[in-house]
Amino acid sequence: MELAEQEQRGGRREVVFAELDSLTPGGWVKRRVAELLLGERGEDGPVAAEPLTASLRDRTLLLVLDTCEHVLDECGQLLGELLPEHPKLRVLTTSREPLCLPGETVHPMSGLPLPDLRGGGPHPSGYLHWDAMRLFCERAQSVAPGFQITKENAEHVGAICTRLDGLPLAIELAARLVGTLPLPDIHDRLDKSVSLLIQGWRTSDRRHQSLRAAFQWSYDLLTPGEQRLFRRMSVLPGGFGPDAAAAVCSGERTPDAEVAALLSRLVAKSLITPCSDQPHRARFRMLESLRRYGHEQLRAEGEEPHVHDRSTAWLTERTSPLQDTSVVSSHMAKWLRTEQSNLIHALDWLSRGNDERQLLLAGALTIGAALGEEPGVPSVTRKLVSGALGRTDTRSAYRGIALEGAALLAGQEGEYDEALRLLRQAVELGREGGHQPSLSRRLLLLSLVQETRGEHTAALTEVHECLKISRRLGDDLMTSVALSHLGRHCLFRGDAPRARKLIERTLPVLRAESPPRHLSAALHTAGALALERNSLPEAEKYFIELLQETAVPSDTVARAVEGLAVVAVRTHQFERGVRLMAAGLALGASPLGLASWWQERVRTALTTARQALPAKRCEHALALGSRLGPHHAVRYALGEEDELPSETTGGSPLSEREWDVIDLVVDGLTNRQIASRLYLSVRTVETHIHNIRTTLGLRSRAHLAAWAAQRDPRPDGLAGP
């Protein structure tokens with residue numbers, strides 16, 4: 001409507017607007033358009049083409065057909081007659097699927113842009129730059145005139161908008177509840193049902209009176225096969241690929257060969273969405289509100305138990321290899337993290353009984369989470385894992401992997417005594433059941449927990465047993481992993497020559513076959529060994545290789561940054577060394593047995609730097625380094641960041657340099673032009689723009705320019721470039 005009004009106001013086109021949602025199939029579309037174009041109500045019966053064609057002659061017209069999905073064939077037939085005869089005619093349609101006509105250009109409409117809530121969301125002042133937040137605020141003020149987005153409620157509003165996937169109708173309906181319910185209650189109740197959102201405007205179309213009515217409109221337009229796939233996919237809240245869809249949906253009424261076609265049709269009808277973060281493989285998701293509606297339909301059809309059982313069987317089949325695997329591959333770890341929400345959903349369903357498959361899925365869930373770049377699982381996971389262990393048969397073949405998972409959770413919480421107890425049970429079950437590959441994995445994990453507790457002799461014993469098993473099985477990869485751990489033990493026990501021999505033996509295998517987490521540990525040991533020999537170029541090479549690895553845990557990144565800090569100090573780059581030490585400390589490091597040995601080297605280097613630098617310069621370097629986030633710290637450590645962010649002033653969340661960049665972005669300068677104007681590298685300008693967008697919660701450079709153009713000048717105390 002806005003676009004049509006702009007065309008009309010500018011005198012570019014005459015506009016005719018045809019609302020079609022109240023029509024039923026049967027020739028009414030042509031009659032409605034004819035009445036609007038001719039300006040008179042026609043007689044009953046077929047509409048002749050000649051008057052329509054004559055009415056369009058010499059007219060520069062924009063015809064808007066609003067809500068076409070239920071009369072697609074009639075719209076297609078009408079436009080197929082009109083468009084070839086009238087080159088000046090332009091047609092804008094709104095529909096939940098394309099008309100599939102020659103010359104059609106499709107503009108998909110997603111939800112309104114949402115704030116990024118990771119890490120607490122953007123600065124509170126930045127929330128209203130997001131359309132979803134602004135819409136919520138405006139509609140809430142219609143029922144609660146004093147409502148404002150504040151520091152106290154911003155995260156609740158952002159969570160509600162995110163929970164509703166930025167859908168404008170859903171946000172409007174939720175905002176109208178502000179006068180009745182507190183914001184946390186609105187968010188919590190949205191997790192239970194779409195029935196809460198029913199307070200539509202009295203003057204709205206019937207399908208916009210509630211969210212359920214809007215969904216019902218789309219659902220009723222589906223074929224039986226499309227409806228069946230739509231409701232069955234609701235048991236996979238974390239998204240799904242064609243393989244999952246086939247496993248859950250194919251059968252007597254839906255042959256496997258038809259599933260891909262049905263998925264394509266549901267995408268075309270805007271009921272499932274391709275995942276943009278999966279560019280190399282097909283994966284889809286349902287908006288959460290739609291998924292909950294689909295689950296209600298699944299329950300109403302009596303299909304819920306059967307479909308949940310099929311999804312559980314598919315997840316069990318995909319996770320079973322963990323039972324016979326020593327080193328979890330990067331591919332499997334990524335798959336486990338991708339399916340995390342689906343695993344949680346299946347576990348929640350299985351928690352109503354004693355099905356032993358919940359043990360396997362619980363272990364898979366926690367192992368996948370622990371192998372991520374930022375280990376961590378939702379708080380509900382621990383309850384699901386402990387519940388699975390309590391409900392199921394203690395003789396189940398899957399019990400060991402669930403105990404392993406529970407131990408990982410305990411370790412993440414710092415409960416090392418509990419982790420040790422659980423791992424000993426898991427190891428014992430592995431010995432009894434003959435699960436040799438997974439037993440070697442649990443022994444290695446047990447040794448790491450013992451290191452954390454300072455039990456180095458016991459930890460070394462477990463490494464030797466792990467090595468014995470992997471050699472007997474001919475498992476070269478786990479043998480190399482175990483040898484690298486043995487090399488690390490040799491290093492902090494003072495046997496550097498043997499440690500070096502072991503690491504040099506294992507690195508080629510780990511580089512070729514190992515997931516990043518095992519290679520990164522060996523690379524750090526290699527770097528530490530080079531520092532012990534004071535072979536600084538070699539040490540730097542290993543630490544840089546470590547930082548260039550993908551999917552490396554943050555604690556390993558911290559130790560690599562510290563390693564480069566020690567190298568910097570020993571090469572008399574004292575200020576750089578201090579900054580890197582502060583950055584490494586801010587990133588944190590895991591409490592492994594190596595930590596005390598390593599920290600002694602880092603402290604010695606810091607003492608050397610303090611003695612070489614004036615006190616104020618040293619403290620300033622520490623302050624700058626401590627403010628670096630992970631991304632900045634790695635780039636600075638690699639020499640890709642040629643300056644550090646300066647302190648912010650004037651109460652602004654942005655630094656003076658970042659404001660300089662913003663001013664030049666608004667002026668329309670390219671990154672290369674900005675770099676030349678400010679005497680920076682192009683890479684540094686790119687980094688500044690990325691960090692500004694992250695701080696303010698802006699999605700693109702265009703959003704940044706628009707945001708800055710609408711604001712007052714930069715805060716006091718920040719001069720221009």
Side-chain angles (χ1 to χ4, degrees), residues 96 108-118 121 130-133 135-136 155-177 181 183-198 208 210-219 222 227 229-241 244-245 248 263 266-267 269-278 283-300 304 307-308 311 337-349 378-381:
R96 305 211 177 166
M109 300 299 293
S110 59
L112 298 174
L114 293 163
D116 186 353
L117 298 178
R118 291 172 297 182
W130 296 94
D131 291 340
M133 300 284 285
L135 176 64
F136 186 98
E155 288 191 26
H156 287 303
V157 176
I160 291 170
C161 294
T162 300
R163 167 66 181 73
L164 296 173
D165 298 293
L167 294 176
L169 174 63
I171 291 172
E172 290 206 12
L173 295 174
R176 287 174 60 79
L177 296 169
L181 296 172
L183 290 171
D185 284 3
I186 295 174
H187 180 267
D188 292 343
R189 294 189 186 197
L190 290 174
D191 285 335
K192 298 180 175 65
S193 173
V194 298
S195 301
L196 183 68
L197 304 180
I198 58 174
H208 291 158
S210 72
L211 199 59
R212 172 174 276 110
F215 293 160
Q216 188 71 42
W217 167 272
S218 293
Y219 185 75
L222 301 178
Q227 289 180 343
L229 179 63
F230 171 74
R231 60 180 181 260
R232 290 189 174 192
M233 288 297 91
S234 68
V235 302
L236 297 172
F240 48 88
V248 174
L263 285 172
L266 288 180
V267 170
K269 295 172 189 288
S270 308
L271 288 171
I272 63 175
T273 305
C275 295
S276 58
D277 59 345
Q278 302 284 338
R283 190 171 179 86
F284 311 92
R285 63 181 286 264
M286 298 174 71
L287 299 182
E288 181 61 16
S289 301
L290 271 171
R291 190 192 70 80
R292 291 190 177 277
Y293 173 80
H295 203 264
E296 290 178 6
Q297 299 303 310
L298 185 74
R299 190 177 296 119
E304 188 178 21
V307 175
H308 270 292
S311 68
R337 292 193 297 275
T338 300
E339 302 296 338
Q340 185 180 86
S341 295
N342 293 334
L343 289 166
I344 290 174
H345 192 70
L347 277 169
D348 183 59
W349 172 260
S379 57
V380 69
T381 303

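Keep in mind that this is a model prediction, so the values were computed, not measured.
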Looking at every heavy atom in both [X] and [Y], which two are closest together, and how far apart are they?
X    : Y    : value
R232 : V248 : NH1-O, 3.8 Å
S218 : L271 : CB-CD2, 4.0 Å
C161 : A132 : SG-O, 3.7 Å
L236 : S311 : CD2-CB, 4.3 Å
L290 : S270 : CD1-O, 4.4 Å
F136 : A175 : O-CB, 3.5 Å

Let me confirm one number: the [atom1]-[atom2] distance from [X] to [Y], rounded to the nearest 0.5 Å.
X    : Y    : atom1 : atom2 : value
E155 : L183 : CD    : CG    : 12.0 Å
Q340 : T381 : CD    : OG1   : 6.0 Å
I186 : I160 : CD1   : CD1   : 5.0 Å
L169 : F215 : CG    : CZ    : 8.0 Å
R189 : L181 : CZ    : CG    : 5.0 Å
W217 : R96  : CH2   : CZ    : 8.0 Å

For residues [X] and [Y], determine if any side-chain heavy atom of one lies less than 4.5 Å from a side-chain heavy atom of the other.
X    : Y    : result
Q297 : Q227 : no
F240 : I272 : yes
H187 : H156 : no

With a 4.0 Å cut-off, would you call E172 and R176 a salt bridge?
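Between R176 and E172 there is no salt bridge, as every charged N stays at least 4.0 Å from the carboxylate O atoms.
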Counting N and O atoms only, with roles assigned by atom type, does the side chain of [X] sit under 3.5 Å from a partner on the main chain of [Y], one being a donor and the other an acceptor?
X    : Y    : answer
S289 : L164 : no
N342 : G238 : yes
S234 : R231 : yes
R283 : G239 : yes

Given R291 and D165, is the salt bridge (charged side-chain N to carboxylate O under 4.0 Å, His left out) satisfied, shown in steps?
CA-CA 11 Å; R291 190 192 70 80; D165 298 293; over 6 Å; no
Could you pull out all residues at least two apart from E304 that satisfy side chain to side chain contact (heavy atoms under 4.5 Å, CB included)?
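E304 satisfies side chain to side chain contact (heavy atoms under 4.5 Å, CB included) with H295, L298, R299, H308, W349 only.
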